[in-house]
Amino acid sequence: MTTIQPVRLTCPLCGNIFESPVVMSTNSFGKLHSDLYREASGIQPVCYFVHTCPSCGYTGYEGDFEKQEFSFVFRQNVEQNITPEVKGRKIGTNGHFYLAALCAEWRGAPAHVLARIYHMGAWCCRIKDEKEKERFYLGKAAEYFERALASSDAPKENIPIFTYLLGDLYRRLGEAEKAKEWYSKVEQAIKEHGGDPRIGEFARRQLKEASDFFT
């Protein structure tokens, strides 16, 4: 089962100390969504993967809260664009994937990393049944997966997975022709770059009879 435990974090940007729930253990006993989100039995862990400092708004994974140095430009971006939105408000310390993506982008994260953050944001919104927010995150994830593939930014071994995901993200966004275009590219991507053959099977299944879940 999934276990969540409050952990004390120190914001490396402003020095604020706060508690945030952290995933201590989880499982993969639940349903597999077509965009590769595997549900857990019990509490779903995904929304607990990122943490937000309630004082300045700095957001990232647990490892991003280790002591580190930040550039003047990064500090300025957070202070001007995020801190005013959180200052004086009682915000939750988990699940703010948009803020996590902003912080990662300002720190120079590559497009495929940003795509994965946005995609997890979509998963988090899905399990909360926040459909409009899920669509927003799916759209941002698709945008950044495309950027990654267009710029040769993606690790070669992940190109087939990212290609497949673009198909499924566009299908979920209601863009059927784009979805088919990307699903159809998966087999060639596997031939060129290798990877898990199940991704090719998933693409064929979605082209034949699309589903939101795999059994």
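- A donor-acceptor pair is defined here as one N or O able to donate and one able to accept, closer than 3.5 Å; no such pair exists between the side chain of Arg107 and the backbone of Phe74.
- Checking each of Thr52, Val7, Leu9, Thr10 against Phe18 for a side-chain contact (heavy atoms from CB on, under 4.5 Å) leaves exactly one that passes, namely Leu9.
- Judged by distance alone, with hydrogens and angles left aside, the side-chain atoms of Asn77 form no donor-acceptor pair with the main-chain N or O of Trp106 at under 3.5 Å.
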(request) Start with the C-alpha gap between Glu19 and Thr93, add the side-chain angles, then the distance that decides, and say whether side-chain contact (heavy atoms from CB on, under 4.5 Å) holds. (result) CA-CA 8 Å; Glu19 281 194 348; Thr93 59; over 6 Å; no
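- Screening Trp182, Tyr170, Tyr164, Phe162 for a ring pair (Phe, Tyr, Trp, His ring centres under 6.0 Å) involving Phe145 leaves a single residue, Phe162.
- The main-chain N or O of Leu173 is never found under 3.5 Å from a side-chain atom of Glu175 such that the two would form a donor-acceptor pair.
- Between the side chain of Asn16 and the backbone N or O of Cys11 there is no donor-acceptor pair closer than 3.5 Å.
- A heavy-atom distance below 4.5 Å is found between the side chains of Leu169 and His119.
- Atom CD of Glu39 and atom OG1 of Thr26 lie 11.0 Å apart (nearest 0.5 Å).
- Between the side chain of Asp35 and the backbone N or O of Asp168, no donor-acceptor pair lies under 3.5 Å.
- For the pair Arg147 and Tyr144, the cation-pi test (distance below 6.0 Å, angle within 45°) is passed.
- Atom CG in Leu138 sits 10.5 Å away from atom CH2 in Trp123 (nearest 0.5 Å).
- The backbone N or O of Val23 lies less than 3.5 Å from no partner atom in the side chain of Gln5, so there is not a single donor-acceptor pair.
- Under the 6.0 Å cut-off for aromatic ring centres, Phe97 and Phe49 do not qualify, their centroids lying 6.0 Å or more apart.
- Cys124 pairs with Cys47 as a disulfide, the SG atoms being under 2.5 Å apart.
- The pair Asp212-Arg126 does not count as a salt bridge, with every side-chain nitrogen at least 4.0 angstrom from each carboxylate oxygen.
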(request) Could you walk me through whether Glu201 and Arg205 pass side-chain contact (heavy atoms from CB on, under 4.5 Å), step by step? (result) CA-CA 6 Å; Glu201 178 187 340; Arg205 288 172 63 175; 3.9 Å; yes
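- With values rounded to the nearest 0.5 angstrom, Ile159 atom CD1 is found 13.5 Å from Ile199 atom CD1.
- Side-chain N or O atoms of Arg172 include none that pairs as donor or acceptor with a backbone N or O of Arg135 at under 3.5 Å.
- Between the side chain of Glu85 and the backbone N or O of Asn81 there is no donor-acceptor pair closer than 3.5 Å.
- The closest donor-acceptor contact from the side chain of Thr2 to the backbone of Gly42 lies at 3.5 Å or more, if one exists at all.
- No side-chain donor-acceptor contact under 3.5 Å links Asp153 to the backbone of Pro110.
- At a threshold of 4.0 Å, the pair Lys131-Glu134 does not count as salt-bridged, since none of the basic side-chain nitrogens sits closer than that to a carboxylate oxygen.
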